[in-house]
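What you see is a predicted model, and the numbers here were worked out from it, not measured in a lab. Values reported hereafter were calculated over all heavy atoms of this structure, with side chains retained and with hydrogens, waters and symmetry mates removed.
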Amino acid sequence: MNKYLEDLIKLSKYDTSISQFEPKIENQKAKLATFVETAEAIRVGINATYLEIDDLKSKRTKNNIHLSELKSKLDSIAKKNKDVTNEKELKALQLEEEIAKEQVSFANEEIERLDKLTAAKEEKLKELQEKLKTEEEDIKEIKVVVEESIAEINNERNEVYAKRSELLSQFDNKILTFYEKIKRWAKDTAVVPVKKQACYGCFMKINDKTYAEVLRGEEIVNCLHCGRILYKGEEETATTEA
């Protein structure tokens with residue numbers, strides 16, 4: 001095979017590997033991000049529950065104050081009863097007393113309801129705090145695994161970069177410029193194999209003359225349809241050898 005073509009195939013494979021490292025790193029970071037997002041959602045839930053509990057306790061305090069006022073009012077009515085001089089005043093006081101007692105009853109029921117809601121919210125808060133604790137422990141473990149994976153990926157990337165740099169140090173500048181021009185639009189498919197007499201970049205069938213040139217591998221051949229650099233795929237190699 002043509003030496004320049006061999007170098008182009010190697011360079012293309014290095015570039016393809018390099019472009020795949022960043023998605024691998026992002027994939028590892030995404031694993032950790034999922035746990036972090038879950039933990040943050042739990043924290044939001046905890047803060048919201050704290051606010052709900054504070055609101056319930058505030059309402060209970062207001063009801064207690066109102067209940068105290070009602071009891072004072074009933075005491076006042078009881079004192080006034082001693083000074084009643086006629087039936088009209090008595091009925092008015094009785095009506096006022098009845099309304100006050102109903103309000104006392106409602107206030108007590110409301111306090112009981114608020115206490116039940118507060119207890120439920122506090123139980124929910126406890127569950128969320130336990131859940132957050134577990135999530136944070138998981139994050140610590142996942143973070144270690146992710147950091148180790150990213151370090152491994154970076155080591156692999158550095159190795160590929162080193163091999164690429166070594167290859168480029170002995171690369172023909174004209175061939176490199178030619179490759180870079182195609183790579184600008186073809187990205188990681190600047191150099192592609194030919195399989196079943198088709199370019200594996202645009203997947204168009206190439207003519208017999210071009211196909212024969214690719215099989216010989218004596219020179220750099222471009223796809224007449226898309227312009228990518230072609231080389232003999234494994235199937236074609238096996239067929240040629242047979």
Side-chain angles (χ1 to χ4, degrees), residues 7-65 109-171 176 179-180 182-193 200-201 234:
D7 288 345
L8 284 169
I9 293 169
K10 287 179 183 177
L11 180 60
S12 177
K13 287 181 177 178
Y14 288 151
D15 285 343
T16 299
S17 295
I18 288 168
S19 67
Q20 290 173 349
F21 285 123
E22 198 56 42
K24 286 179 181 179
I25 289 173
E26 291 304 315
N27 183 51
Q28 291 298 322
K29 288 180 178 179
K31 291 178 183 178
L32 180 60
T34 301
F35 283 85
V36 172
E37 286 172 10
T38 302
E40 186 56 34
I42 295 170
R43 287 191 191 95
V44 170
I46 287 172
N47 290 335
T49 306
Y50 269 124
L51 291 174
E52 289 169 355
I53 291 171
D54 286 345
D55 183 56
L56 289 169
K57 287 182 177 179
S58 176
K59 288 178 179 177
R60 191 188 193 284
T61 299
K62 288 178 181 178
N63 273 276
N64 271 330
I65 292 169
E109 288 174 3
E110 184 64 6
I111 287 171
E112 186 180 351
R113 186 184 73 85
L114 291 169
D115 284 344
K116 287 180 180 178
L117 285 174
T118 301
K121 292 293 180 184
E122 286 174 342
E123 185 62 31
K124 179 185 175 183
L125 179 62
K126 185 179 176 183
E127 289 174 4
L128 286 172
Q129 288 170 333
E130 286 294 325
K131 195 173 180 181
L132 179 61
K133 184 180 177 182
T134 301
E135 203 68 27
E136 287 175 338
E137 288 171 356
D138 288 342
I139 286 172
K140 287 179 183 177
E141 293 177 5
I142 292 294
K143 190 176 181 181
V144 171
V145 174
V146 167
E147 286 176 351
E148 288 176 352
S149 296
I150 290 175
E152 189 177 328
I153 291 168
N154 281 326
N155 288 335
E156 290 176 13
R157 178 162 58 181
N158 290 337
E159 287 177 10
V160 174
Y161 268 122
K163 290 177 182 177
R164 185 181 188 274
S165 296
E166 185 181 350
L167 178 63
L168 288 178
S169 66
Q170 53 193 5
F171 220 89
L176 180 60
Y179 166 77
E180 293 292 350
I182 298 173
K183 192 173 183 294
R184 282 176 197 167
W185 60 266
K187 307 300 180 187
D188 291 334
T189 62
V191 183
V192 294
Y200 257 56
E234 292 180 3

Trainee: Work out which heavy atom in V146 is nearest to a heavy atom in K29; give both atom names and the distance.
Mentor: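 Scanning both residues, the minimum pair turns out to be CG1-N, 4.3 Å.
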
Trainee: Please find the pair of heavy atoms, one from T49 and one from K121, that lie closest to each other, and give the distance.
Mentor: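 Scanning both residues, the minimum pair turns out to be CG2-O, 3.4 Å.
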
Trainee: Could you check L176 against L11 for side-chain contact (heavy atoms from CB on, under 4.5 Å), going step by step and ending with a plain yes or no?
Mentor: CA-CA 9 Å; L176 180 60; L11 180 60; 3.8 Å; yes

Trainee: Enumerate the salt bridge (charged side-chain N to carboxylate O under 4.0 Å, His left out) contacts for residues 138-159, please, sequence neighbours excluded, ordered by first and then second residue.
Mentor: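 Qualifying pairs: E22-R157.
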
Trainee: Nearest 0.5 Å please: distance from the CD atom of Q20 over to the CG atom of N27.
Mentor: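 Q20 atom CD to N27 atom CG measures 12.5 Å (nearest 0.5 Å).
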
Trainee: Under the side-chain contact (heavy atoms from CB on, under 4.5 Å) rule, what do I150 and F21 come out as? Steps first, then yes or no, please.
Mentor: CA-CA 9 Å; I150 290 175; F21 285 123; over 6 Å; no

Trainee: Using the side chain to side chain contact (heavy atoms under 4.5 Å, CB included) criterion, which residues pair with E122? Sequence neighbours excluded.
Mentor: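 Testing E122 for side chain to side chain contact (heavy atoms under 4.5 Å, CB included), a comparison that skips the adjacent residues, returns I53, K57, T118.
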
Trainee: Rounded to the nearest 0.5 Å, what separates atom CD in E110 from atom CG in L117?
Mentor: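 CG of L117 is found 8.5 Å from CD of E110.
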
Trainee: Does the S165 side chain pair with the main chain of Y161, one donor and one acceptor, at a distance under 3.5 Å?
Mentor: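 Yes: the side chain of S165 pairs with the backbone of Y161.
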
Trainee: Calculate, to the nearest 0.5 Å, the distance between atoms NZ and CD1 belonging to K62 and I111 respectively.
Mentor: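 It is 13.5 Å, given to the nearest 0.5 Å.
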
Trainee: According to ring pair (Phe, Tyr, Trp, His ring centres under 6.0 Å), who are the partners of Y200, at least two apart in sequence or on a separate chain?
Mentor: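 For Y200, the residues satisfying ring pair (Phe, Tyr, Trp, His ring centres under 6.0 Å) (neighbours in sequence not counted) are F203.
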
Trainee: Do other residues, nucleotides or ligands put more than 12 heavy atoms under 6.0 Å from K163 NZ?
Mentor: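 No, because the 6.0 Å sphere around NZ of K163 holds 12 heavy atoms or fewer from other groups.
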
Trainee: Check whether any side-chain N or O of N63 sits under 3.5 Å from a backbone N or O of K59 as a donor-acceptor pair, and report yes or no.
Mentor: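 The answer is yes, because a donor-acceptor pair under 3.5 Å joins these two groups.
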
Trainee: Decide side-chain hydrogen bond (donor to acceptor under 3.5 Å, both in side chains) for Y179 and D7; before the verdict, give the C-alpha distance in whole Å, the side-chain angles of both, and the deciding distance to 0.1 Å.
Mentor: CA-CA 11 Å; Y179 166 77; D7 288 345; over 6 Å; no

Trainee: For a quick test of reading the model, state the closest non-hydrogen atom pair linking V160 to Y14 and the distance between them.
Mentor: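 In this case the closest contact between V160 and Y14 is CG1-O, 3.7 Å.
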
Trainee: If you round to the nearest 0.5 Å, how far is CG of L125 from CG of N47?
Mentor: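 It comes to 9.5 Å.
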
Trainee: Taking only Lys NZ, Arg NE, NH1 and NH2, and the carboxylate oxygens of Asp or Glu, determine whether K133 and E136 approach each other closer than 4.0 Å.
Mentor: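 E136 and K133: not salt-bridged.
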
Trainee: Would you say the side-chain atoms of S12 pair up with the backbone N or O of L8, donor to acceptor, closer than 3.5 Å?
Mentor: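 Such a contact is absent between S12 side chain and L8 backbone.
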
Trainee: Test K183 against E180 for salt bridge (Lys or Arg N to Asp or Glu O under 4.0 Å), laying out the working first.
Mentor: CA-CA 5 Å; K183 192 173 183 294; E180 293 292 350; 5.4 Å; no

Trainee: Roughly how far, to the nearest 0.5 Å, is OG1 of T38 from CD of E135?
Mentor: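 It is 5.0 Å, given to the nearest 0.5 Å.
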
Trainee: Measure the shortest side-chain to side-chain distance between N64 and R60 over non-hydrogen atoms and say whether it is less than 4.5 angstrom.
Mentor: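 With C-beta onward as the side chain, the pair touches.
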
Trainee: Nearest 0.5 angstrom please: I46 CD1 to L51 CG, how far?
Mentor: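 With rounding to 0.5 Å, CD1 (I46) is 12.0 Å from CG (L51).
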
Trainee: Considering all heavy atoms of both residues, which atom of V192 and which atom of G201 are nearest to each other, and what is their separation?
Mentor: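 Heavy atoms of V192 and G201 come nearest at CG2-N, 3.7 Å.
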
Trainee: Dump the intermediate steps for side-chain contact (heavy atoms from CB on, under 4.5 Å) on N154 and I25, then the final yes or no.
Mentor: CA-CA 8 Å; N154 281 326; I25 289 173; 3.5 Å; yes

Trainee: Would you name the heavy atoms of D188 and D15 that are closest together and state the gap between them?
Mentor: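 In terms of heavy atoms, the two residues are closest at OD1-O, 3.7 Å.
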
